[in-house]
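Just below is one structure, and these are the notes that go with it.
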Amino acid sequence: MDEIRRKQKRLKGIMRALVIFTAVFLLAYIGVAPAVSDTLGSVGITVMNYACDILVIISLVLVLYYYSKYSKLELFLNDVEAEIEDNGYYLTAREEKSVEEYRRAVEEDLINSGYKLENDLVLSELEFDCRALKKSEFVYIVCIDELEKSDVIAFLDSAIYDVTVGNLKRKGNCVVAFISSSIEEDALSLSKAVTAMGRKNQLKFTVALVDVGLGKVYFSGLMPTKCQQMTANYIMKCEVPIEDKYIGKEKLAFQGELKEKMKSFSINDFKNGTFSVH
């Protein structure tokens, strides 16, 4: 991954430098065109016009090449790097120590913030304790005693289907919050993942895993996004940027494993869809 990143950043730097040089050259030429015409005549003007055309064509080709090769890859690598670099967990500001009390407290704050709540929903044959809606913001709440990776995958897929098919949304932010008294290690490997959809990744889904006994919340909290804000405000009951006292400094085991796994990452695997992060 590091080598791919170096090549990508090098090409991006060259592309930007060439585009800037071309723009400056064209502006400068427009300003001196009359003087060039008087000094070099029609031949000089023709040569300069060809030079401008060549610079524009090269710039366009380089831009198209870069975005065709690296645009989706860059977004993917940004998300993976955020998973690796993120803090392992965050500490909730809520004092509730039971799953049910914690859920009621979250729901009360959602109602006070203008969300429309629906309780005890069955979506794709899965039981959600709550769904909160406000414009293009969605919060799903699932209370579960022992949370496993398979639970996270199943409920997240169900929420994605509900937002995209049931509510026909193509733009927005969604947090699926799991409130539990015990979280399995394999479930934590999905706590930092961001699912982005749409041509410009305008629809995003994240999860928040709440261990009420330990007072810890596992989620993607490194980048200042709307999903991060929703999780901090409603699930943790704190403001953003998140204060240091709510940040757990220790890394999770899967973050180190993911860093090692990314050493074998290749562009061909990414394009072929054969590389799996989790």
Side-chain angles (χ1 to χ4, degrees), residues 75 78-79 82-83 86-87 89-94 96 99 101-124 126-144 147 151-180 190-210 212 216-243 246:
L75 293 172
N78 286 342
D79 288 341
E83 287 192 52
D86 198 1
N87 302 289
Y89 60 87
Y90 296 83
L91 300 172
T92 180
R94 297 190 182 277
E96 291 79 13
V99 171
E101 289 176 348
Y102 201 103
R103 178 186 66 83
R104 287 198 296 265
V106 172
E107 290 182 357
E108 183 177 345
D109 284 347
L110 288 168
I111 292 173
N112 292 336
S113 296
Y115 283 80
K116 178 184 177 181
L117 267 64
E118 297 178 72
N119 293 98
D120 302 322
L121 293 175
V122 178
L123 304 172
S124 303
L126 295 175
E127 297 181 1
F128 287 80
D129 291 86
C130 174
R131 178 179 63 188
L133 311 177
K134 184 172 73 171
K135 296 181 180 179
S136 59
E137 298 175 13
F138 295 77
V139 179
Y140 292 83
I141 298 176
V142 179
C143 295
I144 187 168
L147 182 64
D151 298 318
V152 178
I153 294 173
F155 280 97
L156 177 60
D157 286 346
S158 179
I160 291 174
Y161 184 84
D162 184 56
V163 172
T164 57
V165 179
N167 289 274
L168 300 177
K169 292 291 184 180
R170 297 295 178 265
K171 180 179 180 181
N173 297 278
C174 174
V175 174
V176 183
F178 298 87
I179 304 175
S180 177
L190 299 177
S191 61
K192 308 296 181 181
V194 177
T195 302
M197 306 179 70
R199 289 176 56 190
K200 297 182 179 180
N201 291 342
Q202 293 178 309
L203 183 57
K204 293 186 177 181
F205 297 82
T206 64
V207 299
L209 316 184
V210 183
V212 293
K216 294 180 178 180
V217 182
Y218 305 88
F219 74 104
S220 178
L222 182 65
M223 306 301 291
T225 64
K226 186 63 179 178
C227 287
Q228 181 223 38
Q229 180 188 349
M230 292 163 62
T231 302
N233 291 167
Y234 308 121
I235 310 303
M236 293 173 55
K237 199 178 177 60
C238 68
E239 300 297 323
V240 291
I242 300 173
E243 298 180 48
Y246 298 123

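What you see is a predicted model, and the numbers here were worked out from it, not measured in a lab. Positions are given from 1, in the same order as the sequence printed here.
Looking at heavy atoms from C-beta onward, L203 lies out of side-chain contact with K171 at the 4.5 angstrom threshold. The shortest distance between side-chain heavy atoms of S220 and L222 does not fall below 4.5 Å. Side-chain contact check for R170 versus T164: some heavy-atom pair is nearer than 4.5 Å. Using a 4.5 Å heavy-atom threshold, the side chains of V106 and R94 count as touching. The shortest side-chain heavy-atom distance between I141 and L110 falls under the 4.5 Å cut-off. Under the 4.5 Å side-chain criterion, counting only non-hydrogen atoms from C-beta, V152 is in contact with F178. By the 4.5 Å heavy-atom criterion applied to side chains, N119 and E107 are counted as neighbours.
Under a 3.5 Å cut-off, the side chain of D86 and the backbone N or O of G221 do form a donor-acceptor pair. Under the 3.5 Å distance criterion, the side-chain polar atoms of N233 are matched with a main-chain donor or acceptor of C238.
Checked against side-chain contact (heavy atoms from CB on, under 4.5 Å), E137 has the following partners two or more places apart in sequence or in another chain: Y115, K134, K226, M230.
V99 approaches S180 most closely through the heavy-atom pair CG2-C, 3.9 Å. In plain terms, the two heavy atoms of I144 and L147 that are nearest each other are CG2-CD1, 3.8 Å. Of all the heavy atoms in V194 and D79, the pair that sits closest is O-OD2, 4.4 Å. The nearest pair of heavy atoms linking Y89 to K192 is N-NZ, 4.2 Å. A177 and I235 get closest at one heavy-atom pair: CB-CD1, 3.7 Å.
Here the CG-CE distance, from N78 to M223, works out to 7.0 Å after rounding to the nearest 0.5 Å. Taking CZ of F128 as the reference point, atom CG of D120 lies at 12.5 Å (rounded to 0.5 Å). Expressed to the nearest 0.5 Å, how far CD of E101 lies from CD of E96 amounts to 6.5 Å. Summarising the geometry, atom CG belonging to N173 is positioned 4.0 Å from atom SG belonging to C227; distances are rounded to the nearest 0.5 Å. In this structure, OG1 on T195 lies 11.0 Å from NZ on K204, to the nearest 0.5 angstrom. Here the CD atom belonging to E108 is positioned 8.0 Å from the NZ atom belonging to K237, to the nearest 0.5 angstrom.
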Assess the residue pair I179 and V212 against the criterion (side-chain contact (heavy atoms from CB on, under 4.5 Å)); give the C-alpha distance rounded to whole Å, side-chain angles, the decisive distance to 0.1 Å, and a yes or no. CA-CA 7 Å; I179 304 175; V212 293; 3.6 Å; yes

Run E118 and L133 through side-chain contact (heavy atoms from CB on, under 4.5 Å) and show every step you take. CA-CA 9 Å; E118 297 178 72; L133 311 177; 4.2 Å; yes

Would you sort out whether L121 and E127 count as a side-chain contact (heavy atoms from CB on, under 4.5 Å), showing the intermediate values? CA-CA 6 Å; L121 293 175; E127 297 181 1; over 6 Å; no

For a side-chain contact (heavy atoms from CB on, under 4.5 Å) check, start with the C-alpha distance between V210 and R103, then their side-chain angles and the critical distance, and finish with the verdict. CA-CA 10 Å; V210 183; R103 178 186 66 83; over 6 Å; no

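In this model, no donor atom of one side chain and acceptor atom of the other lie less than 3.5 Å apart for Y90 and T231.
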Tell me which donor-acceptor pairs under 3.5 Å the side chains of residues 153-163 have, and how far apart each pair is, sequence neighbours excluded?
residue: S158; atom: OG; partner: L123; partner atom: O; Å: 2.9
residue: D162; atom: OD1; partner: R131; partner atom: NH1; Å: 3.2
residue: D162; atom: OD2; partner: R131; partner atom: NH1; Å: 2.8
residue: D162; atom: OD2; partner: Y140; partner atom: OH; Å: 2.4
residue: D162; atom: OD2; partner: N167; partner atom: ND2; Å: 3.4

